[in-house]
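Take a look at the structure set out below.
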2 protein chains.
Amino acid sequence: MKLPWALECQLQRDAGLSFIEYHALARLSEDPAHTLRMSELAMLTNASLSRLSHLVKRLESRGLVRREVDPEDGRFTNAILTKAGYKLLVASAPGHVTRVRSLVMDEFSAAELRQVRQLADRLLTRIDASD
Amino acid sequence: MKLPWALECQLQRDAGLSFIEYHALARLSEDPAHTLRMSELAMLTNASLSRLSHLVKRLESRGLVRREVDPEDGRFTNAILTKAGYKLLVASAPGHVTRVRSLVMDEFSAAELRQVRQLADRLLTRIDASD
DNA sequence: GCGCGTGACTTGACAATTCAAGTGAGACTC
DNA sequence: GAGTCTCACTTGAATTGTCAAGTCACGCGC
């Protein structure tokens, strides 16, 4: 409960972004076209479609993202990272990464990190299987 | 991110309580007098005082908790678990415990659980130290 | 015993989230 | 080709959380 909160604080203070906003931008930036379907982005950020819709609307009003109906199939909506959104992400990523390092990576050895990851993966698998 | 959410769902569905509401009731029930200061309860539930104040007001309006000014010192407010609150907690605890077991405890061996705990403690210590 | 500061809440306005309906595009059926 | 289904969102209202003031009780110095 405390780790996400600690990261929230850092991001809010230094970049004016919430954790989920940051990750939405980050996920978009990882796509070659800086573009993802709303539903896919919702999956990737663990958000409901409704939550993402509101969130993207806010990001859009701040000029960080824009939306376009998929020209191939009018049922889909694409969220697209704008230049400004990309710039903000690039500007705020180092601070965020530093914070993650200092809170998590630096505490554990490489072997311990592998352990953490393995344990967490098992937990995640179990949770996902339990719906 | 997913574990708290999975627990939320179970509690909301089976007991009509959010995770934090459940834990507030649980913490109160652990005290011999079923009573805690607002500030102490806020600490124990990792909530801000403001959040707890709103939350307890809602619980109070549902008759699960009541508030009394500390007779010893008028600056403190005590939150007190009511009979109804205790009954609800007792009724919903087994389902919650079962869920926690099936998602977490059952996945890991005793030795692994000790490891998880040790790793998590180190993480928590580091986070708490970083304010 | 009168101000003054501090600490423990409480409150109200605002922002974010959820929930339940609504919309609208394509697929499928006949 | 008209009707129906499903899926991918979108929207609006109600709930919940946060932030910035406010309130109110006690302790302390003078």
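By convention in this document, chain letters (A, B, ...) are assigned in the order of the sequence lines, proteins followed by strands, and residues within each chain are numbered from 1. Keep in mind that this is a model prediction, so the values were computed, not measured.
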If you find the nucleotide of DNA chain C closest to L55(A) and the one closest to D70(A), which residue's nucleotide is nearer the 5' end?
L55(A)

When rounded to whole Å, the CG to C1' distance for the pair N46(A) and dT18(C) reads 16 Å

Quick one, R122(A) and F108(B) - any side-chain contact, counting heavy atoms below 4.5 Å?
yes

Would you say T125(B)'s side chain and D121(B)'s backbone share a donor-acceptor pair under 3.5 angstrom?
yes

For R75(B) and dC24(D), give me the distance from atom CZ to atom P, rounded to whole Å.
15 Å

Would you tell me if any nitrogen or oxygen in the side chain of S39(B) comes within less than 4.0 Å of OP1 or OP2 on dC9(C)?
yes

Result for 5'-nearest mapping on DNA chain D, choosing between L49(A) and S48(B), is L49(A)

Would you say the side-chain atoms of T82(A) pair up with the backbone N or O of G63(A), donor to acceptor, closer than 3.5 Å?
yes

Tell me what S50(A) touches on the nucleic acid: a base, only sugar-phosphate, or nothing, going by heavy atoms under 4.0 Å.
base

Using atom NZ of K57(B) as one end and atom P of dC9(C) as the other, report the distance to the nearest whole Å.
15 Å

Hey, does the side chain of S53(A) come within less than 4.0 Å of dT11(D)'s phosphate (OP1/OP2), counting only N and O?
no

Just call it for R58(B): base, sugar-phosphate, or nothing, with non-hydrogen atoms closer than 4.0 Å on any strand.
sugar-phosphate

Expressed as a whole number of angstroms, how long is the span from I20(B):CD1 to dG17(D):P?
7 Å

Is the shortest side-chain heavy-atom distance between R51(A) and I20(A) below 4.5 Å?
yes

Can you find a donor-acceptor pair, distance only, under 3.5 Å between H54(B) side chain and dT10(C) base?
no

Measure from CG on D73(A) to P on dA25(C) and round the result to the nearest Å.
11 Å

Once you round it to whole Å, what is the distance between P of dT15(D) and CD of E8(B)?
17 Å

When you get a sec, tell me which of dT10(C), dG26(C), dA25(D) is the closest nucleotide to the side chain of T77(B)?
dT10(C)

Given that Q12(A) and E21(B) both sit by DNA chain D, which one's nearest nucleotide is further toward the 5' end?
E21(B)

What is the distance, to the nearest angstrom, from the CG atom on L52(B) to the C1' atom on dT16(D)?
14 Å

Could R27(B) and D31(B) be called an ion pair, given the rule that one side-chain N must be under 4.0 Å from one carboxylate O?
no

Between R51(B) (CZ) and dA15(C) (P), how many Å, whole number?
19 Å

